[in-house]
Amino acid sequence: MKKLAGVALTVVMGVGFLAGCGSKDDNDAAAGSANRTGSDASNKVVTISVRENTWGARKDNFLEAEKRLNEDLKADHVQVKLDWWPGIDDDELVLQAQAGKVADVFINSSVDIGWERDAGLIRDIDWVKDSSVFKNVPASYTDIMNYDGHYYGVIQDMDASPVFISRKALEGIGWTKDRIDGLRSKVDSGEFTFGDLVDLADQAKKKNLVKTGFAVEDTRFEGWNYAFGSYNYDASANKLILSGKAKDVYAFWADAKKRGVIAEGIGDVDTDKAAPMFVKGQIFAEFARTEFYQMMREANGMKDDIEGYNAWFNDNVVWIPVPSAEKGGKPVSYSNPAMIFVGSKVDDAKMPYVQRLIEHVLDPDLQVNHTIASGKLPVTPEAQEDPRFKAMSFYKEHAYLVGFTKTRPALPDYATFMKGFTLGIDAILTKGKSADDAYGIFKKEVKQNVPADRVTIEE
Amino acid sequence: MNTVETAGLNRLQAASAPYKKPLRNVIYPYLFILPFSLLVFVFFILPAIATIAMSFTDLNASMKPHYIGLANFKRIFADYNLPEILSHTAVFAILSLAISLLFALIISIATQYFLKGKVSAVLYRVLWLIPSIIPSVVYVTFWKFLFDPTEGGLVNDLLHRMGIISEPVSWFTRGAMAIVILATIVSTVSGGMILLSAAINSIPEDLYKAARVDGASEKSVIMKIILPTLKWPLMYITISDLIGFVSSYFFIMLLTQGGPMRDTTTLSLYAFQQAFNLKYYGYGAAVSLIVVFISFILTLLLIRLFDFDQLIKPSRIED
């Protein structure tokens, strides 16, 4: 028995040691390969580590970009090899970075620039400024890629956040087809305001044409902030701003709650629930990203019947950008684009290859491949000229929205700031608090939890 | 002294010297303990030390910690949310504990005493086990579906069909804490039920028979025989469940994310949110230490309450 136990113990410990040694070797090998530039008999090999992200055509595009780059580099006798690392969440990203493991290229949200930079995960990529890929993109794009005076990321894809409105409900209110079809241009010109939209939802509710006035994707309430000109961020000072305009936003929430346009559980009805409800004609207006178009197709049972779905969509839905709260104001769209980041361990010798790889990922045809797979909008005007994209009427018509699309600021404390803002909304919805009370809660939270040097509180 | 005498003396000295175990035998138990000690050291002690160290720093997403002394702890006590969060923690822990304990007790007495040996009792216990063996995420999805705020929610649908409500009710904004407590109770009752059932099962049948011969009522059997037997299992369940509830955040996070507002935010969820949602690792660590401190104090109080000394005293037979 003792012998058996002894052998078992030895095996357990042996396996443990071997496992430990094994993982270390793997790590070292992986970390080493990330930075290795070697050469074989004929070619210099450059290994670029990329964190896997299989959503849409992201990974496929990297694989294709690798091929194209290697074609380009043939004459130089250089071969680029992608070393795939598993995709991980932010927490693990931080921990692995602490252990010295940072991939050369990875994808994350635009809001992550601030903390990733501060944590030493990413490095500046100011070549974006002169890259031919981005020479024609609108200024709003360069704003997103720029943080604290440098470029830190490359927009991988983009989306817009329109308002999907029930055409049947508008008809029920008495709107004619022409009037409905002309709604978008009135929003674009600032003639139709956010308040008008609330009034319409109110009428639709009162006439029992719908069960819910407004529904919103996730808790992306920022679109409504932007509609009221409450932008929360001063890029020049790289600081958050708590402005009095937030009071106007809260006033809208309180009014909409009182009129029944917004239900108290609005945050619990995400797009997966909202899509079938919208299809059934129960929601007047859904504030969601363009992906909601795809979700409604599935909710309609028309996943493979694109023509049939488009016919249904045209008969039942009209979409507009989020209207401005002010007469004559510009409409709003908002997004959280994914960005391609370059790891801090990429040195200047390796950077040209990383740059060219990323530029190939953004080749127009690859961008459109991703659009087809994901429903995201292509980033560059060149990609928007692709015939396949032009044939996608719904997405094509949205392309102009990205010109005025706002994104969440990339400051690390933004989440804390927004938590305070959302608590104010919760107070209105669930505790019957007034707009002033909600603003008071917001201010109190921000004062307590956001470091004073990161926020300007306007009195 | 002749040779024979010397040899005899040596044997005598050897016999009187204390017995020394061979080194191999001395090392043996430690060899068994070693791998697990290493695991405990790496996965429990080191993280605990790291958490304590972290709580004295301003560690955030930048991962550049600076020593800030007791600033995090001062901030906790200046945090205007603290009284509210502490009261939510108390309500959640006390109600969850009291109700789950009561349920576990009733179920185990019913199935192990009144219905002892019957198939229905076994089936009933198995039914209660199901929630605890379902993966948490699936379990939470079920509760979310149950109290979905739309017409598609099971409760809303049922009440609507019965004509009780005309509009769907947003249950998670009206009674989030009640839902959280209910979901927690249903999934934790089975643990207590198993332990209490086992304890009741260990009571010799003769005791019941003797009691009945003496004319004891069912109530007397429960109060005088069963409940005293359950004292130590009850103590264990109370302490382990209470610590579990005080430090619990997973169900709450998945069900309500601590909302609406902070209505279901407990101290441990607050620590989690600070550390992992907002990336204030230093502050989150400090809050989690407060959770540990509270759990420790509660454990001591309960041990005192249950007179734990009695349990660890040697039995009279050994005296």
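No hydrogens, no waters, no symmetry mates; every other heavy atom, side chains included, goes into these values.
In terms of non-hydrogen atom pairs under 4.5 Å with chain B, the most contact-rich of Thr430(A), Leu429(A), Leu423(A) is Leu423(A). Of the listed residues (Asn81(B), Val169(B), Asn60(B), Thr256(B)), the greatest number of heavy-atom pairs within a distance under 4.5 Å of chain A belongs to Asn81(B). By number of non-hydrogen pairs under 4.5 angstrom with chain B, the leading residue of Ala97(A), Pro412(A), Ala427(A) is Ala427(A).
When all heavy atoms of Gly265(A) and Ser170(B) are compared, the pair lying nearest together is CA-OG, 3.4 Å. Shown here for Ala61(B) and Ala119(A), the closest heavy-atom pair between the two residues is O-CB, 3.0 Å.
Note that the CD atom of Glu264(A) and the CZ atom of Arg174(B) stand 4.0 Å from one another [nearest 0.5 Å]. Atom CG of Asp89(A) is separated from atom CZ of Phe276(B) by 12.0 Å, given to the nearest 0.5 angstrom.
Heavy atoms of other residues, nucleotides or ligands lying less than 6.0 angstrom from CG of Leu95(A) number more than 12. Atom NZ of Lys444(A) has 12 or fewer neighbouring heavy atoms from other residues, nucleotides or ligands inside a 6.0 Å radius. Within 6.0 Å of NZ in Lys433(A) there are 12 or fewer heavy atoms belonging to other residues, nucleotides or ligands. Other residues, nucleotides and ligands contribute over 12 non-hydrogen atoms within 6.0 Å of the NZ atom of Lys64(B).
For a residue to count as touching a neighbouring chain, one of its non-hydrogen atoms must lie under 4.5 Å from one of that chain's; by this rule Arg262(B) touches chain A with backbone and side chain alike. For Asn449(A), the parts lying under 4.5 angstrom from a heavy atom of chain B are both the backbone and the side chain. Proximity to chain A is limited to the side chain of Pro149(B), based on heavy atoms less than 4.5 angstrom apart. Neither the backbone nor the side chain of Phe147(B) has a heavy atom closer than 4.5 Å to any heavy atom of chain A. Of the two parts of Gln274(B), neither the backbone nor the side chain holds a non-hydrogen atom closer than 4.5 Å to a non-hydrogen atom of chain A. When heavy atoms are compared at a cutoff of 4.5 Å, Ile441(A) approaches chain B by way of both its backbone and its side chain.
Residues Leu278(B) and Tyr414(A) are not in side-chain contact: their nearest non-hydrogen atoms beyond the backbone lie 4.5 Å or more apart.
A salt bridge is absent between Lys279(B) and Asp112(A); no separation between the charged side-chain nitrogens and carboxylate oxygens falls under 4.0 Å.
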Inset, instruction - Apply side chain to side chain donor-acceptor pair (under 3.5 Å) to the pair Asp413(A) and Tyr280(B), showing each step before the final yes or no. - result: CA-CA 9 Å; Asp413(A) 298 293; Tyr280(B) 299 135; 2.5 Å; yes
Inset, instruction - List the steps, then state whether side chain to side chain contact (heavy atoms under 4.5 Å, CB included) holds for Gln273(B) with Thr416(A). - result: CA-CA 10 Å; Gln273(B) 287 173 338; Thr416(A) 313; over 6 Å; no
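Remark: the backbone N or O of Tyr80(B) is paired with a side-chain donor or acceptor of Gln448(A) at under 3.5 angstrom. Counting only distance, with no hydrogens or angles, the side chain of Lys419(A) and the backbone of Asn277(B) share no donor-acceptor pair below 3.5 Å. In this structure, the side chain of Asp426(A) engages the main chain of Met261(B) through a donor-acceptor pair within 3.5 Å.
For residues 272-287 of chain A, a heavy-atom distance under 4.5 Å to chain B picks out Lys273(A), Met277(A), Gln282(A), given by residue number.
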